[in-house]
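If you read the sequence from its start, that first residue is 1, and numbering goes on from there. This structure is a prediction, so every number in the text was calculated from the model and none was measured. All values below come from the heavy atoms of this structure, side chains included, with hydrogens, waters and symmetry mates left out.
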Amino acid sequence: MIAPVSIPSPDESWRVFNLGQWLRDIGLTWFGYDVNIHAYALCILLGIVVATVMTHQRLTRRGAEPGVVLDIIIWAIPFGIVGARIFHVITHPDDYFAGQNLLSVFYIWEGGIAIFGALAGGAVGAWIGCRFSGIRFWTFADAVAPGILLAQAFGRFGNWFNHELYGLPTDLPWGLEIESSNPAFPAGLPEGTLFHPTFLYEIIWNVAGVAVILFLERRYRLQWGKVLGVYLIWYGLGRIVFESIRIDPSEVFAGLRTNVWAAIFAVIVGAVIIIVQRRRHPGIEPSPYVAGREWVPGTGVVNSDAIYSDRDDDGDDAVSPSDDGNAETPATSGATRQD
């Protein structure tokens, strides 16, 4: 029996929005194509936008050029998508290499991405973007870390829309309703069984992690990649717990799901980053830019004694300054040139 305060799963019609059909329904009958917009994709895109805005604000506060974050994420996002797909395919080989069409490996629109793969691939792309922009990689990593947690929180709403990645059965009042016709519904359980809403647990954990990271960053002036280290530890610890109660199919090694091992590895990497960077860089970062690549904000004004006029017919456009040191512009002169 469904509890009166349980969490319902969204209606199946919410999962995909057919933009083409909607356009035809409102009278644009000439539009003959079906354009499916998946709720999961919208959740991920919204998370990317939020993370980008937050990272932009954090970088500019450090003294980086406004908009430089775009020069980096244009590398990080595609590399992250590729990494996410590769990690998923590797950890779910039976879904792709057990007689299926090998081209399905590339059918990312059918679902199948992994956060840990996205982190690895995104890190490679961010490193490349930082090399081009002159931003220190560790500065960018620290700036983007809390934004990644927020993006992951938004992305988990996509799992709710897809009725997927839920946990073990539970009788808790906040149990998640899953239809018995769901392919991942455990055999033998009665209809109306509630499950742990692992998507919600991770959303709460991630949002709380943003607050924890920002507090520790300010309290201890974390730089040189230490913020990223805290992120990896926080996210890894939570993922170990949430992944352990999920019941969706997964490869198991030495009694643990693949993503549990990945989460343990993330915690170790985070701890190593903090320890190593604390020893290597005990001081404060001098600049968000590597030496020699610094960005100098423009003043918008050129300090010059020469004022140019379009009235000078002999080719000497400069009008000499007056004896008192102040440049004088004839009333009939053109506009002053400012770079």
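Under the 4.5 Å side-chain contact rule for hydrophobic residues, Trp22 and Leu28 share a cluster. Under a hydrophobic clustering in which Ile, Leu, Val, Met, Phe, Trp and Tyr are joined whenever their side-chain heavy atoms come within less than 4.5 Å, directly or via other members, Phe265 and Ile273 fall into the same cluster. When the side chains of ILVMFWY residues are joined at heavy-atom separations under 4.5 Å, either directly or via intervening members, Leu232 and Tyr220 end up in a single hydrophobic cluster. Both Phe242 and Val267 are members of a single hydrophobic cluster when ILVMFWY side chains are connected at heavy-atom separations under 4.5 Å.
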Practice problem: Dump the intermediate steps for side-chain contact (heavy atoms from CB on, under 4.5 Å) on Leu176 and Leu194, then the final yes or no. | Solution: CA-CA 5 Å; Leu176 178 67; Leu194 300 180; over 6 Å; no

Quiz item: When you look at Trp174 and Tyr201, which way does the side chain to side chain donor-acceptor pair (under 3.5 Å) test go after all the steps?
Solution: CA-CA 11 Å; Trp174 57 80; Tyr201 297 161; 2.8 Å; yes

Self-check item: Chi angles and distances behind the side-chain contact (heavy atoms from CB on, under 4.5 Å) call for Asn206, Leu150
Solution: CA-CA 7 Å; Asn206 289 351; Leu150 276 183; over 6 Å; no

Quiz item: Under the side-chain contact (heavy atoms from CB on, under 4.5 Å) criterion, do Phe31 and Val35 qualify, and how do the steps go?
Solution: CA-CA 10 Å; Phe31 194 91; Val35 180; 4.0 Å; yes

Quiz item: Under the side-chain contact (heavy atoms from CB on, under 4.5 Å) criterion, do Ile274 and Ile233 qualify, and how do the steps go?
Solution: CA-CA 10 Å; Ile274 293 174; Ile233 293 173; 3.9 Å; yes

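In this structure, the separation between OH on Tyr231 and CG on Leu216 is 16.0 Å, given to the nearest 0.5 Å. Note that CG of Leu45 and CZ of Phe154 are 12.0 Å apart. Values are rounded to the nearest 0.5 Å. Separation of atoms CD1 (Ile77) and CG (Leu70) is listed at 9.0 Å; rounding is to 0.5 Å.
For Tyr107 and Tyr96, the ring centers sit 6.0 Å or farther from each other. Ring pair Phe132/Trp75: centre-to-centre distance below 6.0 Å.
At a threshold of 4.5 Å between non-hydrogen side-chain atoms, the residues Phe140 and Val69 count as touching. You'll find the side chain of Val210 reaches within 4.5 Å of the side chain of Met54, heavy atoms only. Between Thr193 and Thr170 there is no side-chain heavy-atom pair separated by less than 4.5 Å. In this structure, Tyr235 and Gln152 have side chains that are in contact, with non-hydrogen atoms separated by less than 4.5 Å. A heavy-atom distance below 4.5 Å is not found between the side chains of His88 and Val105. Between Leu256 and Ile264, the closest side-chain pair of non-hydrogen atoms falls below 4.5 Å. Considering only heavy atoms from C-beta on, Tyr166 stays 4.5 Å or farther from Pro197 through its side chain.
Using a 4.0 Å cut-off between charged nitrogen and carboxylate oxygen, Arg257 and Asp248 count as a salt-bridge pair. Using a cutoff of 4.0 Å between basic side-chain nitrogens and carboxylate oxygens, Arg246 and Glu202 are not scored as salt-bridged. Looking at Lys226 and Glu217, no side-chain N of the basic residue comes within less than 4.0 Å of a carboxylate O on the acidic one, giving no salt bridge.
Judged purely by atom type and a 3.5 angstrom limit, Arg156 has no side-chain atom pairing as donor or acceptor with the backbone of Ile203. In this structure, Asn18 contributes its side chain and Gly20 its backbone to a donor-acceptor pair below 3.5 Å. A donor-acceptor pair under 3.5 Å is absent between the side-chain atoms of Glu243 and the main chain of Asn259, judged by distance alone. Listed for the Arg136 side chain is a donor-acceptor partner under 3.5 Å among the backbone atoms of Ser287. A side-chain donor-acceptor contact under 3.5 Å links Trp261 to the backbone of Phe253. Although no hydrogens or angles enter the test, the distance criterion places a donor-acceptor pair under 3.5 Å between the side chain of Trp205 and the main chain of Trp234. No donor-acceptor pair closer than 3.5 Å links the side chain of Asp71 to the backbone N or O of Ser133. Side chain of Gln223 to backbone of Pro282: no donor-acceptor contact under 3.5 angstrom is found. Checked by atom type and distance alone, the side chain of Arg85 pairs as donor or acceptor with a backbone atom of Gly112 at under 3.5 Å. Using a distance-only test at 3.5 Å, with no hydrogens or angles considered, no donor-acceptor pair links the side chain of Thr139 to the main chain of Tyr289.
Shown here are the side-chain contact (heavy atoms from CB on, under 4.5 Å) partners of Trp127, two or more places apart in sequence or in another chain: Arg131, Phe137.
Residues Ile72 and Cys130 share a closest heavy-atom pair of CD1-SG, 3.9 Å. Taking every heavy atom of both residues into account, Gly117 and Phe87 meet most closely at CA-CB, 3.5 Å. Here the shortest heavy-atom pairing between Ala51 and Ala151 reads CB-CB, 4.1 Å. For Gly236 against Ala263, the heavy-atom pair with the smallest separation is O-CB, 3.5 Å. Glu285 and Trp224 get closest at one heavy-atom pair: OE2-N, 3.0 Å. Listed here is the closest heavy atom pair of Asp94 and Ala98: O-CB, 3.4 Å.
Around the CZ atom of Phe97, the shell of radius 6.0 Å holds more than 12 heavy atoms that belong to other residues, nucleotides or ligands. Atom CZ of Phe161 is surrounded by more than 12 heavy atoms from other residues, nucleotides or ligands within 6.0 Å.
In this model, no donor atom of one side chain and acceptor atom of the other lie less than 3.5 Å apart for Thr258 and Glu251.
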